[in-house]
2 protein chains.
Amino acid sequence: MKITIREVAKEAGVSIATVSRVLNGKEGIRSSTKKRVEKAIHKYNFSPNQIARSMIVKESKSIGLLVPQLSNEFWATLAEVIEAELWLHGYTLFLCTSSTKEDSLLKEKAAIHSFLQRKVDGIIYSTSSGSDREFQAFTENLKQQDVPIIAFDQRIPGMNQIYGDHIQGAMDAVKHLILLGHTHIAYIGGPLVSPERELGYRNAHTVHNIQVDENLIFRGEPNFQFGHEATSKLMASGTPFTAIFCGNDLIALGAIHVMEAAGLNVPDHVAVVGYDDINMAGFSKPMLTTVHQPIEEMGKTVVDEILRSIHRGNSIGQICHLVFPMKLVIRESCGASKRSLTQTNH
Amino acid sequence: MKITIREVAKEAGVSIATVSRVLNGKEGIRSSTKKRVEKAIHKYNFSPNQIARSMIVKESKSIGLLVPQLSNEFWATLAEVIEAELWLHGYTLFLCTSSTKEDSLLKEKAAIHSFLQRKVDGIIYSTSSGSDREFQAFTENLKQQDVPIIAFDQRIPGMNQIYGDHIQGAMDAVKHLILLGHTHIAYIGGPLVSPERELGYRNAHTVHNIQVDENLIFRGEPNFQFGHEATSKLMASGTPFTAIFCGNDLIALGAIHVMEAAGLNVPDHVAVVGYDDINMAGFSKPMLTTVHQPIEEMGKTVVDEILRSIHRGNSIGQICHLVFPMKLVIRESCGASKRSLTQTNH
DNA sequence: ATGAAAGCGCTAACAC
DNA sequence: GTGTTAGCGCTTTCAT
């Protein structure tokens with residue numbers, strides 16, 4: 001038989017209201033009745049239906065997280081951190097992934113819709129769908145919803161957001177290469193939708209009065225495969241280059257892989273810098289010089305922020321931007337350890 | 001104002017029952033009324049409350065997934081596959097992670113409890129908590145619940161389960177090393193709770209009439225860090241060894257890393273074989289010889305299976321075991337490419 | 001073909 | 001302190 005609050009009430013000889021009070025730890029209950037109720041609860045191994053509860057209290061104690069994928073360590077780690085942090089606060093996580101072979105934006109829309117229908121208390125939204133008309137219409141619509149939403153690593157006007165300072169991160173990386181003496185630095189990055197790293201790359205050139213060679217720029221999917229492809233093209237093109245700045249570590253690993261196969265040594269022949277500082281970066285060979293993202297802090301902060309939005313009610317419409325500094329981690333792949341900075345600095 | 005089915009009904013000039021019928025695509029509605037209702041739905045941008053719905057229809061179209069962690073590529077990929085497959089069938093995923101610095105079993109219990117309270121339609125359960133009394137009591141209790149549960153890569157008596165044939169996988173790996181001429185093969189594996197790989201390691205020795213040296217066996221956390229530690233100890237111990245079979249790829253990468261640092265070349269001085277075949281395995285240096293797990297198939301199958309359990313009702317108590325074959329992938333780290341099998345075979 | 005009404009399992013006034 | 005009752009937003013008989 002299905003056990004509900006009613007059965008428990010009958011067993012304890014009290015009303016369902018009293019059981020509810022015990023369940024929710026309300027004040028003003030004779031400790032003897034409380035005991036009886038607890039005994040009944042235990043006897044039936046009763047556990048209240050959270051779904052029924054949330055219909056009344058208007059909170060589901062769940063939040064929805066949308067990430068592009070999980071098979072990329074960056075996102076996986078972020079999801080792990082977010083889940084753990086939410087759990088600490090009594091929230092459970094709905095997780096959706098948006099990268100599909102077909103239409104990612106379609107999945108994104110549907111995922112958010114699913115979250116909304118399931119009455120999540122908040123949404124953490126992070127994907128890379130692009131910035132076309134359709135996307136903008138979608139995010140406009142999103143802002144109308146009365147659920148707190150926070151965008152992760154995405155610049156959506158008028159929406160609370162948290163992101164890394166990738167212009168700074170990319171600049172630091174490229175500046176480092178320039179100070180190492182490189183003037184022909186290629187950029188192999190993600191799709192056009194996340195232009196910050198490319199911007200940082202360009203800025204670093206500008207600051208140092210170096211002309212960017214557009215033939216050295218490659219954009220595509222941010223994965224190992226693309227690092228491979230783009231680097232192959234780069235080598236085949238004949239355009240001179242002595243360093244590559246990559247949009248993420250997977251791309252960097254792919255780049256290193258083909259170059260080694262082609263007889264080019266990293267960092268002796270070509271210096272490489274990645275982005276993200278995934279675990280692997282610390283034990284690839286050569287170990288990757290890369291831009292470290294403080295995932296842990298970012299994950300915790302995004303949770304704190306979404307919870308705050310939930311609790312203060314979505315009253316004051318003050319949009320907040322939380323931006324995190326990036327940190328260049330110098331290892332082997334850029335060759336910094338093999339050269340003297342003063343010697344090549346100009 | 002909050003839009004419910006009631007507002008839509010009023011707008012369309014029908015009863016809420018009719019709106020419900022339209023929403024659920026029921027037969028027998030005059031197409032003119034249907035149109036009116038749809039127009040009203042559209043006008044208000046109405047989307048039904050899934051929570052209220054599930055109270056009545058007794059299904060939440062959600063399932064709970066519990067994995068040890070996400071920062072391990074194996075689990076992350078599995079979660080990704082499962083989410084995608086569930087989505088195709090109209091289900092949304094609750095995700096929990098069980099590895100904590102404190103008590104993992106505690107979190108596991110709480111996570112399952114949370115799933116149950118949220119009335120998930122099914123649970124995919126995979127962790128590595130151990131096999132002590134408390135754990136057994138817990139799983140016993142689990143089986144009493146009237147929610148379909150399927151254990152992933154875990155042997156829980158009396159529960160539906162799906163797992164890889166790790167004894168076979170490990171045997172294949174170790175046999176390969178033996179055929180390559182190795183007789184002093186270390187094993188650096190996960191905790192005692194998942195003994196299959198160690199068993200396969202031992203079996204391979206037995207089959208080939210080689211004595212296992214217990215000093216060559218190390219157990220601990222299945223991560224890079226532990227691979228590092230254990231291998232350091234192994235080298236320091238002075239026990240002779242020419243090969244290491246690792247419980248997973250992260251351990252293997254850790255092992256290779258320290259050995260290289262200590263001046264030992266892999267595979268020239270020591271052969272290494274990993275387990276899982278994570279992406280990284282294909283582009284580490286040396287590329288990892290490892291045991292490939294068919295994650296994609298396993299993920300899809302576990303979803304099919306849980307959905308089947310849901311739909312047939314948990315009637316016939318036939319327990320099913322779905323076991324998947326593992327496949328040894330030979331790359332560089334075992335040195336197979338450098339030696340002739342016939343030459344070392346005995 | 002459509003509406004009225006009875007709940008799903010719970011919480012929150014409002015009584016007493 | 002504790003019970004009674006009216007819903008939360010929906011689906012589903014049972015009428016008509």
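Chain letters run A, B, ... following the sequence lines, proteins first and then strands; every chain starts at 1.
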Min side-chain heavy-atom separation Cys320(A)-Leu322(A) under 4.5 Å: yes

Residue whose nearest DNA chain C nucleotide is more 5′ - Arg30(B) or Ile56(A): Arg30(B)

Residues in contact with DNA chain C, drawn from residues 32-51 of chain B - heavy-atom cutoff 4.0 Å: Thr33(B)

Excluding sequence neighbours, so at least two apart, what forms salt bridge (charged side-chain N to carboxylate O under 4.0 Å, His left out) with Glu140(A)? Lys143(A)

Rounded to the Å, how far apart are Arg118(A) CZ and dG9(D) C1'? 16 Å

Whole-Å distance separating the CD1 atom of Ile16(A) from the C1' atom of dT5(D): 9 Å

Side chain to side chain donor-acceptor pair (under 3.5 Å) partners of Glu297(B), counting only residues at least two apart: none

Quick test of your reading: applying salt bridge (Lys or Arg N to Asp or Glu O under 4.0 Å), list the pairs with at least one residue in residues 10-19 of chain B, sequence neighbours left out, ordered by first then second residue. Glu11(B)-Lys43(B)

Excluding sequence neighbours, so at least two apart, what forms ring pair (Phe, Tyr, Trp, His ring centres under 6.0 Å) with Phe94(A)? Phe94(B)

May I ask you to verify if any side-chain N or O of Lys2(B) is less than 4.0 angstrom from the OP1 or OP2 atom of dC8(D)? no

For the side chain of Lys26(B), counting heavy atoms from C-beta on, which of dT12(D), dG9(D), dT2(D) is nearest? dT12(D)

Just by distance, do the side chain of His311(A) and the backbone of Leu307(A) share a donor-acceptor pair under 3.5 Å? yes

Scan the side chains in residues 52-74 of chain B for donor-acceptor partners under 3.5 Å anywhere in the protein, sequence neighbours excluded, and list what turns up.
| unit_1 | atom_1 | unit_2 | atom_2 | d |
| --- | --- | --- | --- | --- |
| Arg53(B) | NE | Asn24(B) | OD1 | 3.3 |
| Arg53(B) | NH2 | Asn24(B) | OD1 | 2.8 |
| Ser54(B) | OG | Gln50(B) | O | 3.1 |
| Ser54(B) | OG | Ile51(B) | O | 3.0 |
| Lys58(B) | NZ | Met55(B) | O | 3.3 |
| Ser60(B) | OG | Ser62(B) | N | 3.4 |
| Ser60(B) | OG | Ser62(B) | OG | 2.8 |
| Ser60(B) | OG | Lys119(B) | O | 2.6 |
| Ser60(B) | OG | Asp121(B) | OD1 | 3.4 |
| Ser71(B) | OG | Glu80(A) | OE1 | 3.0 |
| Ser71(B) | OG | Glu80(A) | OE2 | 3.1 |
| Asn72(B) | OD1 | Phe74(B) | N | 2.8 |
| Glu73(B) | OE2 | Asn279(B) | N | 2.6 |
| Glu73(B) | OE2 | Asn279(B) | ND2 | 3.3 |

Quick one: side-chain contact (heavy atoms from CB on, under 4.5 Å) partners of His321(B), sequence neighbours excluded? Arg155(B), Gln161(B), Tyr163(B), Ile319(B)

Donor on one side chain, acceptor on other, Thr4(A) and Glu7(A), under 3.5 Å: yes

Residue set satisfying side-chain contact (heavy atoms from CB on, under 4.5 Å) with Lys300(A), at least two apart, ordered chain then number -> Val81(A), Glu85(A), Glu296(A)

Note: chain B reaches DNA chain C at heavy-atom distances under 4.0 Å over the stretch, first to last nt, 5' to 3', of dA1(C) to dG9(C)

Would you give the length of the straight line joining atom CZ of Phe135(A) to atom CD1 of Ile156(A), rounded to the nearest 0.5 angstrom? 4.0 Å

When rounded to whole Å, the CD to P distance for the pair Gln117(A) and dG9(D) reads 15 Å

Under 4.0 Å from any atom of DNA chain C, heavy atoms only: list the residues of residues 17-25 of chain B that qualify, in numerical order. Ala17(B), Thr18(B), Arg21(B)

Between C1' of dC10(D) and CE of Met55(A), the distance in whole Å: 7 Å

Enumerate the salt bridge (Lys or Arg N to Asp or Glu O under 4.0 Å) contacts for residues 13-36 of chain B, please, sequence neighbours excluded, ordered by first and then second residue. none

Is it the case that Thr127(A) and Ser98(A) place a side-chain donor and acceptor less than 3.5 Å from each other? no

Could you work out how much the helix from dA1(C)-dT16(D) to dC16(C)-dG1(D) bends, comparing the axis of its first five pairs with that of its last five, to 10°? 40°

